[in-house]
Amino acid sequence: AAGHHMAAQAGFEILEAGGNAIDAGVAAGIALGVLESEMVNVAGVAPIMIYLADSRKVITISGLGTWPQAATLEMFVETHGGHIPPGLLRTVVPAAPDAWITALEQYGTMGFGEVAASAIRFAADGFPMYPFMAERITERAADFSRWPSNADIYLPGGQPPNAGDLFLQTDLARSLQYMADEEQAAAGKGRLAGLQAARHAFYRGDLAATIVDFHRQHGGLLTMEDMANFRVGIEAPVHIGFAGVDVYTCGPWCQGPALLQMLGILDGIDL
């Protein structure tokens with residue numbers, strides 16, 4: 001199951017190719033960063049929950065980025081009246097690539113290039129724009145148009161795409177392919193070394209340099225040190241029992257505990 005049928009298909013193809021559930025989940029998750037990129041970004045966040053059947057345990061991967069070191073409370077109070085303005089100053093370190101790669105390292109069996117192949121194809125060759133995404137882009141066209149780099153992608157020819165149009169994300173395809181190529185260059189050293197090479201491509205290599213340079217040119221705060229030092233954590237989930245069911249969420253860096261609090265309030269009330 002996934003938010004888009006082609007992401008579910010990407011995960012299913014990994015299972016057919018001999019991958020395990022984690023490989024398939026990563027493939028579907030990266031694919032959603034292409035197929036729902038106005039909501040789910042390849043360089044965004046990726047909270048992950050995994051049930052390990054052999055040990056009957058649930059673990060979480062904290063796919064949420066940290067603020068740049070240069071972002072301080074005092075800066076926002078003194079410079080922006082205590083608000084965080086729209087744009088690059090709202091950017092945290094991209095967490096999703098490290099989260100997906102960590103899941104593959106710890107619990108998967110495949111490489112990054114294998115599980116990202118569908119996402120790369122969807123970005124490079126395009127996919128048919130569907131009504132829900134077309135509506136969201138149209139509703140937010142004014143926001144996309146504020147930044148030329150976003151408008152180039154989401155407003156091709158200056159207009160929101162229509163349902164049925166072929167939607168291309170060629171820069172995203174090249175970025176993912178670069179990570180896969182760097183992994184392949186290290187393939188002789190084993191699967192884990194390849195995954196590390198893919199991670200370095202994003203957090204220490206050309207992609208990191210491109211991200212940091214964009215921030216430098218447009219008033220952002222991210223540095224190469226912020227990128228290189230980032231790693232997600234593997235954490236125990238938060239959980240409660242509700243109506244005879246164990247309900248698990250990620251930790252207080254996400255909205256999950258609020259759901260458990262609401263269920264706790266409702267527990268014992270016959271609705």
Side-chain angles (χ1 to χ4, degrees), residues 1-5 7-12 14-15 18-67 84 90-110 112 115-116 119 132 191-192 195-196 199 202-203 229-271:
H4 191 284
H5 65 276
Q9 178 69 21
F12 179 66
I14 291 295
L15 292 176
N20 68 10
I22 283 70
D23 299 319
V26 172
I30 297 174
L32 287 177
V34 177
L35 298 166
E36 296 183 340
S37 61
E38 88 289 4
M39 293 195 300
V40 184
N41 201 277
V42 164
V45 300
I48 298 172
M49 300 180 67
I50 298 173
Y51 173 66
L52 303 171
D54 54 354
S55 60
R56 298 181 63 83
K57 289 183 178 179
V58 178
I59 63 96
T60 75
I61 297 176
S62 61
L64 178 70
T66 53
W67 286 101
I84 304 177
R90 294 189 177 188
T91 304
V92 293
V93 179
D98 186 47
W100 298 127
I101 290 171
T102 297
L104 292 174
E105 284 177 333
Q106 298 296 321
Y107 310 107
T109 66
M110 289 184 162
F112 178 84
V115 301
F132 181 64
R191 187 180 76 93
L192 295 181
L195 290 170
Q196 181 76 336
R199 175 186 283 113
F202 188 90
Y203 289 95
N229 289 340
F230 178 76
R231 288 301 297 270
V232 297
I234 298 175
E235 305 173 353
V238 183
H239 79 281
I240 65 169
F242 178 80
V245 177
D246 286 327
V247 184
Y248 294 85
T249 77
C250 294
W253 47 266
C254 80
Q255 301 170 25
L259 168 64
L260 302 189
Q261 287 177 319
M262 289 186 280
L263 292 178
I265 292 170
L266 291 173
D267 193 28
I269 299 175
D270 184 4
L271 296 179

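Positions are given from 1 along the sequence.
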- Query: Got more than 12 heavy atoms from elsewhere within 6.0 Å of CZ, Phe12?
  - Reply: no
- If only atom types and distance count, is the side chain of Ser62 paired as donor or acceptor with the main-chain N or O of Val232 below 3.5 Å? no
- Donor-acceptor side-chain pairing of Trp253 and Glu235 below 3.5 angstrom: yes
- What one should report as the nearest heavy-atom pair of Val26 and Ala103 is CG2-CB, 4.0 Å
- Message: How close do Val45 and Leu64 get, counting heavy atoms only, and between which atoms?
- Response: CG1-CD1, 3.5 Å
- Query: CZ of Phe112 to CH2 of Trp100: how many Å apart, nearest 0.5 Å?
  - Reply: 11.0 Å
- Test item: Met49 and Val58 side chains (from C-beta on) under 4.5 Å apart, heavy atoms: yes
- Message: So, taking the atom named CG in Asp267 and the one named CE in Met262, what distance separates them when rounded to the nearest 0.5 Å?
- Response: 14.0 Å
- Message: Could you tell me if the side chain of Leu260 sits less than 4.5 Å from the side chain of Val238, heavy atoms only?
- Response: yes
- Item | Straight-line distance of Ile240 CD1 to Gln261 CD, nearest 0.5 Å | 9.5 Å
- Taking all heavy atoms of Ala96 and all of Tyr203, pick out the closest pair and write down the distance. N-OH, 4.4 Å
- Item | Option from Ile234, Ile48, Asn20 for which side chain to side chain contact (heavy atoms under 4.5 Å, CB included) with Tyr107 holds | Ile234
- Message: If you compare all heavy atoms of Ala43 against all heavy atoms of Pro94, which two are closest, and at what distance to 0.1 Å?
- Response: O-CB, 3.2 Å
- Message: For Arg199 and Thr102, which I'm curious about, is there any donor-acceptor pair between the side chains at under 3.5 Å?
- Response: yes
- Message: Can you give me the closest heavy-atom contact between Ala2 and Ala8, atom names plus distance?
- Response: CB-N, 3.7 Å
- Drop me the distance from Ile84's CD1 to Trp67's CH2, to the nearest 0.5 angstrom. 4.0 Å
- Do you know which two heavy atoms are closest between Ile59 and Pro237, and how far apart they sit? CA-CD, 4.4 Å
- Give, for atom CD1 of Ile61 and atom CD1 of Ile101, the distance between the pair rounded to the nearest 0.5 Å. 11.5 Å
- Task: Measure the CD1-CD distance between Ile14 and Gln9 for me, rounded to the nearest 0.5 Å.
- Result: 11.0 Å
- Side-chain contact, heavy-atom cut-off 4.5 Å: Tyr51 with Arg56? yes
- Query: Quick one: does Asp23's side chain have a donor or acceptor within less than 3.5 Å of a partner on Met110's backbone?
  - Reply: yes
- Message: With side chain to side chain contact (heavy atoms under 4.5 Å, CB included) as the criterion, how do Phe202 and Asp98 come out once you've worked through the C-alpha distance, each side chain's angles and the decisive distance to 0.1 Å?
- Response: CA-CA 9 Å; Phe202 188 90; Asp98 186 47; over 6 Å; no
